2 protein chains.
Amino acid sequence: MQQRPPKLTEIAERLDISAATVSNALSGKGRVSADLAKRIREMADELGYVPSLSARALRTGLTGVIGLVLPDIGNPLFPQIAQAIENAATDAGLGVLIADSRGSIKAQTEAIRHLKDHGVDGMIVVPRRGTRVGDIGCPVAMIDSPSTPGNTVSADHWGGGFLLGEHLAALGHRKILLIGNHRNSIVQNDRLGGVRAALAAATTQTIWLDSPSMASGDGFDATHWYADGYTAFVTVSDLQALNVLTHLQNAGIGVPAMASVSGFDDLMFASVVTPALTTVRMDMPAVADIAIAALKQAIETRAAADSQTVKAARDRVPMTLVVRRSTGPTQQEEGKKPAFTKTSEGELDR
Amino acid sequence: MQQRPPKLTEIAERLDISAATVSNALSGKGRVSADLAKRIREMADELGYVPSLSARALRTGLTGVIGLVLPDIGNPLFPQIAQAIENAATDAGLGVLIADSRGSIKAQTEAIRHLKDHGVDGMIVVPRRGTRVGDIGCPVAMIDSPSTPGNTVSADHWGGGFLLGEHLAALGHRKILLIGNHRNSIVQNDRLGGVRAALAAATTQTIWLDSPSMASGDGFDATHWYADGYTAFVTVSDLQALNVLTHLQNAGIGVPAMASVSGFDDLMFASVVTPALTTVRMDMPAVADIAIAALKQAIETRAAADSQTVKAARDRVPMTLVVRRSTGPTQQEEGKKPAFTKTSEGELDR
DNA sequence: CTGAAAGCGCTTACAG
DNA sequence: CTGAAAGCGCTTACAG
């Protein structure tokens, strides 16, 4: 039916007052008598008035939309991030425009430009590994590792790793293998650093799958390490953990009876596999809330200060250890079910 | 630095011509002499002119932004969808605003309203199961099952299932168990219907995990069926397949040596597990292209016809069988590596 | 407390 | 082929 939506002046006409007054009343600037303001609001409701964001944007220079730049939408962690950001933004009355910096750093730059062209008031960037985002002419909140310069908010990856390390130590593991993907990833180093710190009394060995020695040959073979006495395998992500888990199972090494496998991120499949994966989870909603709050504040005070990376917060959100069943080696742990919501399997496909 | 961006009138002033002419030249309406148009474009480039979308939106009533409504951003299939849509939209010069209809149908309605309030020109909706979206006052493209009324474009789920069924038949399986999650899901019925049709000569049995008998007790136990002679397990999603796979392995039933497990969607972990999952994949980019094209056309012709669900296309995009290693029962298949890109593990966490 | 007026930066008939 | 003018729907000083 595409009814032409009522505009502000229509409310004004009906009430025989000026558009300015309607605008003031609706924006709650308080320059209107309580009584009149109430009548205006009622009329607006009655007419189903929805302000034109385009007009407002043109006038105020603010669109009420922020951009979300992700290194790769295909990233399995993306749903968690996007969902948390979308929720927080919606609560803050902001729209979220997404952009995928798929592939290259160049693509990241393009994505940022694309968003700017679309007039976002600010953006949240999960930068590509090793990337820095310069001044882009609008406020930016970065979600990265706490050790990254320019970071605004992030989970406490080191602390999360420490929790996991303590857990494994308590279970009695003495030889633990730590498996990382990219040796120059700050996040991965933070995570494994925490694990190592908690396992100072045990034997740990760290291997990086992107190292030359690994890249050649058939790569990593968990059974080999198992034969060497390693009973626990700590990976830097659940995807890697899944890989190790199924490898071991496939080779007849029981998990958690004979070996323990754990990951990070609590990806949606972590609770679906048998045995369920023990993992370390970030509090994405908290990260998102902080990022949005910082961004919003920066947008609001933007007029005064120059637009810059939002550095106000620099928060470090704690991580949570999610103990499930893969906790060997002697199966001490019965595995509590996690309290938080997991991805609804029901909506998998319809 | 937030330099005030140059506006159209500045170009006009510098060239000592009218704003109208600049506008015409830049929008390529062709009412400007080629020579002048060229000079205008050069000046625009030189000044780094970026049109104000807000102003254009106010004037034309079109924002150049579409909304993407997903049933649940947490859905593991979401990354594929979002990425494909974002790519197609960007190519079409459109921005994508996301909305999560998490949880309820009510939330879906709210999400749609939220997007409308933000002035999207149209939207792409992946509706919640069993949901219909009424007229919302702007063009809508629905991505659902081909059998769903109002559907605009979708993968050929039945056809994909048929491919999988044929494959299993060719491998010599005689007793195949089909496992669905929601007995009233159109997509799932389409998929399993296709499988069944191709396996007409074999024995198939279908169970639904949401049926009362399943809901009670400990639910589904693959080993029980294996003992009963079933050698192939077809699930309606890779997540389910992963569950079955790890269950079997955990119980000492080798895959693919003793049993075959397959799924749908080619979720990012499908190629990471051992053995890699055989699955059926939709061509998301094709789906996205069709949806965006249909939407764009509807937006452009919107003035004339009333806004409605886009029904132009109703396309049925073919699905692809991805044969990997889980294809038993006699391990005939050596498992080709899939040709398409899988989610870059590298960006898992940084 | 309320209103008249200007203007945000474009595009689009309409003239010339 | 080019330009003058109006207007999209708001908000914001500025008066009263």
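Order of the sequence lines sets the chain letters (A, B, ...), proteins ahead of strands, with each chain counted from 1. Predicted model, so just to flag it, every value in this text is computed and none were measured.
Residue B:Leu26 contributes atom CG, which lies 14 Å from atom P of D:dT2 at whole-angstrom precision. Distance CG (B:Leu15) to P (D:dC1): 17 Å, rounded to an integer number of Å. Summarising the geometry, the separation between CD on A:Glu13 and P on D:dG9 is reported as 12 Å, rounded to the nearest angstrom. Rounded to a whole Å, the CG atom of B:Asp35 is 8 Å from the P atom of D:dT2. Across the protein-nucleic acid pair, A:Leu62 atom CG and D:dT12 atom P stand 10 Å apart, rounded to whole Å. Between the NZ atom of A:Lys7 and the C1' atom of D:dC10 there is a distance of 11 Å, given to the nearest Å. Atom CZ of B:Arg59 and atom P of C:dT12 are 7 Å apart (whole Å). The NZ atom of A:Lys38 sits 19 Å away from the C1' atom of C:dT2 (whole-angstrom rounding).
Residues A:Asp144 and A:Val153 are not in side-chain contact: their nearest non-hydrogen atoms beyond the backbone lie 4.5 Å or more apart. A 4.5 Å side-chain heavy-atom check between A:Leu97 and A:Leu68 finds every atom pair outside the cut-off.
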Short heteroatom pairs, N/O only, protein and nucleotides 13-16 of chain C, under 3.5 Å:
none

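Sorted by first then second residue, the ring-ring contact (aromatic ring centres under 6.0 Å, His included) pairs that include residues 57-97 of chain A, not counting sequence neighbours, are A:Phe78-B:Phe78. Sorted pairs that involve residues 81-106 of chain A and meet ring-ring contact (aromatic ring centres under 6.0 Å, His included), not counting sequence neighbours, are lacking altogether.
The shortest distance between the side-chain N/O atoms of B:Ser33 and the OP1/OP2 oxygens of D:dC1 is not below 4.0 Å. At the phosphate of D:dG3, OP1 or OP2 sits under 4.0 Å from a side-chain N or O atom of B:Ser18. Within the structure, every side-chain polar atom (N or O) of B:Ser23 is placed at least 4.0 Å from both OP1 and OP2 of C:dC10.
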Evaluation steps, side chain to side chain contact (heavy atoms under 4.5 Å, CB included), between A:Ile66 and A:Ile299: CA-CA 10 Å; A:Ile66 61 168; A:Ile299 290 169; 4.2 Å; yes
A:Arg56 vs A:Arg59, side chain to side chain contact (heavy atoms under 4.5 Å, CB included): CA-CA, chis, key distance, verdict: CA-CA 5 Å; A:Arg56 181 179 291 168; A:Arg59 183 60 236 238; 5.7 Å; no
Can B:Leu115 and B:Val69 be said to form a side chain to side chain contact (heavy atoms under 4.5 Å, CB included), step by step? CA-CA 9 Å; B:Leu115 289 177; B:Val69 182; 3.4 Å; yes
Could you list the donor-acceptor pairs under 3.5 angstrom formed by side chains in residues 34-52 of chain A, with sequence neighbours left out?
from    : atom 1 : to      : atom 2 : distance (Å)
A:Lys38 : NZ     : A:Glu42 : OE2    : 3.4
A:Ser52 : OG     : A:Ser54 : N      : 3.4
A:Ser52 : OG     : A:Ala55 : N      : 3.0

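When each of A:Ser154, A:Ser145, A:Pro146 is checked for a side-chain contact (heavy atoms from CB on, under 4.5 Å) with A:Ile186, only A:Ser145 meets the rule. Put simply, the residue from A:Ile143, A:Ile98, A:Leu70 that forms a side-chain contact (heavy atoms from CB on, under 4.5 Å) with A:Ile85 is A:Ile143.
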For DNA chain D, what is the dot-bracket line, given that a base pair needs Watson-Crick (N1 to N3, plus N6-O4 or O6-N4) or G-U wobble (N1-O2 and O6-N3) geometry with both distances under 3.5 Å, and | means paired with another strand? |||.||||||||.|||
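When only modelled atom types and interatomic distance are considered, B:Thr9 and B:Glu13 share no side-chain donor-acceptor pair under 3.5 Å.
Here the side chain of B:Leu58 is nearest to one of C:dT12, C:dC8, D:dC8, namely D:dC8.
Applying a 4.0 Å cut-off to non-hydrogen atoms, none of the residues of residues 47-57 of chain B approaches DNA chain D.
How far CE of B:Met282 is from CD of B:Gln80: 7.0 Å, rounded to the nearest 0.5 Å.
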